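Predicted, not measured: the structure shown is a model, and the values here were computed from it.
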Amino acid sequence: MKIKSQKDFWSGLMFVVMGLGFAAGATNYNFGSSARPGPAYFPFGLGILLAVLGTLILFKALSVESEGGDPVGAIAWKPLGLIVLSVAIFGAVLPRLGMFISLPILILISSLAGDEFKLKDVVINSVVLTIGSWAVFIKGLALVIPLWPDFITG
């Protein structure tokens, strides 16, 4: 069997492995019922859907011819490092600085990973995503996440 698109093959394989991994991990929790789903219900279903999507992509990679085999390029280390760094910094500073400062820091650092950096766009994204996160996580889901730094809230 010949791989006709390397990108699709490796992407599909990654989706299958991650989907099955999440579905397997979800089996450690209570499924509940359709009327009252438990904590395993959503991750299991999402894992299965991800694995099915990966299978479809794998099938395409093995059956649909692509020009030159669609090879996988070199790993983009700078963007990868900046994204991982931004998430690590966000996790470290969120309890101390609160969501209203930590989230814009995450957005600023991760935006440096792209080819085009425009401060105006970063500021707009920061405002929109911070307000959206506040609405979803604080108001909608009633999660207890600090909003401001400790020295402000005392």
Side-chain angles (χ1 to χ4, degrees), residues 1-66 69-116 121-122 124-147:
M1 187 162 276
K2 182 182 175 211
I3 298 173
K4 298 179 180 178
S5 172
Q6 289 182 19
K7 285 182 182 178
D8 285 345
F9 177 79
W10 292 110
S11 299
L13 187 62
M14 179 188 65
F15 286 168
V16 169
V17 169
M18 294 298 288
L20 293 177
F22 273 96
T27 60
N28 295 324
Y29 299 104
N30 181 14
F31 276 88
S33 65
S34 294
R36 294 193 48 88
Y41 204 83
F42 183 72
F44 182 80
L46 197 59
I48 295 299
L49 285 174
L50 188 60
V52 168
L53 176 66
T55 303
L56 293 173
I57 293 171
L58 272 172
F59 177 75
K60 178 184 175 245
L62 297 172
S63 61
V64 177
E65 191 71 42
S66 64
D70 203 13
V72 176
I75 296 175
W77 290 107
K78 180 188 172 199
L80 178 64
L82 284 170
I83 298 296
V84 170
L85 177 69
S86 68
V87 172
I89 289 173
F90 176 76
V93 301
L94 178 64
R96 293 170 191 80
L97 297 180
M99 184 171 72
F100 289 149
I101 295 175
S102 301
L103 200 53
I105 290 172
L106 166 80
I107 294 164
L108 173 68
I109 295 172
S110 61
S111 68
L112 295 172
D115 292 333
E116 299 175 12
D121 293 343
V122 172
I124 292 169
N125 279 335
S126 295
V127 169
V128 170
L129 291 172
T130 301
I131 291 171
S133 296
W134 170 80
V136 169
F137 296 112
I138 305 298
K139 289 298 179 186
L141 296 174
L143 296 179
V144 180
I145 299 173
L147 297 177

Would a 4.5 Å heavy-atom cut-off, applied to side chains only, mark [X] and [Y] as touching?
| X | Y | value |
| --- | --- | --- |
| Thr130 | Pro104 | yes |
| Leu58 | Asp8 | no |
| Leu62 | Lys4 | no |
| Tyr41 | Ser34 | yes |
| Ile89 | Leu106 | no |
| Ser111 | Asn125 | no |
| Leu97 | Ile105 | yes |
| Ser133 | Leu103 | yes |

Out of curiosity, [X] [atom1] to [Y] [atom2], how far, rounded to the nearest 0.5 Å?
| X | Y | atom1 | atom2 | value |
| --- | --- | --- | --- | --- |
| Ile109 | Leu85 | CD1 | CG | 5.5 Å |
| Asp121 | Ile107 | CG | CD1 | 12.5 Å |
| Phe42 | Leu46 | CZ | CG | 4.5 Å |
| Ser11 | Leu13 | OG | CG | 9.5 Å |
| Leu56 | Phe15 | CG | CZ | 11.5 Å |
| Ile101 | Phe90 | CD1 | CZ | 12.0 Å |

Taking every non-hydrogen atom, the tightest pair across [X] and [Y]:
| X | Y | answer |
| --- | --- | --- |
| Thr55 | Val16 | N-CG2, 3.5 Å |
| Ala40 | Pro43 | O-CD, 3.5 Å |
| Leu94 | Pro146 | O-CG, 3.6 Å |
| Ser110 | Ile83 | CB-CD1, 3.6 Å |

[atom1] ([X]) with more than 12 external heavy atoms under 6.0 Å:
| X | atom1 | result |
| --- | --- | --- |
| Met14 | CE | yes |
| Phe22 | CZ | no |
| Tyr29 | OH | no |

- Task: Kindly say whether Met99 contributes a backbone atom to a donor-acceptor pair with the side chain of Ser102 at under 3.5 angstrom?
- Result: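 No, because the side chain of Ser102 does not come within donor-acceptor range (under 3.5 Å) of the backbone of Met99.
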- Task: Check for a donor-acceptor pair, side chain of Arg36 on one end and backbone N or O of Gly32 on the other, with a separation under 3.5 Å.
- Result: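 Pair absent, no side-chain N/O of Arg36 close to backbone of Gly32.
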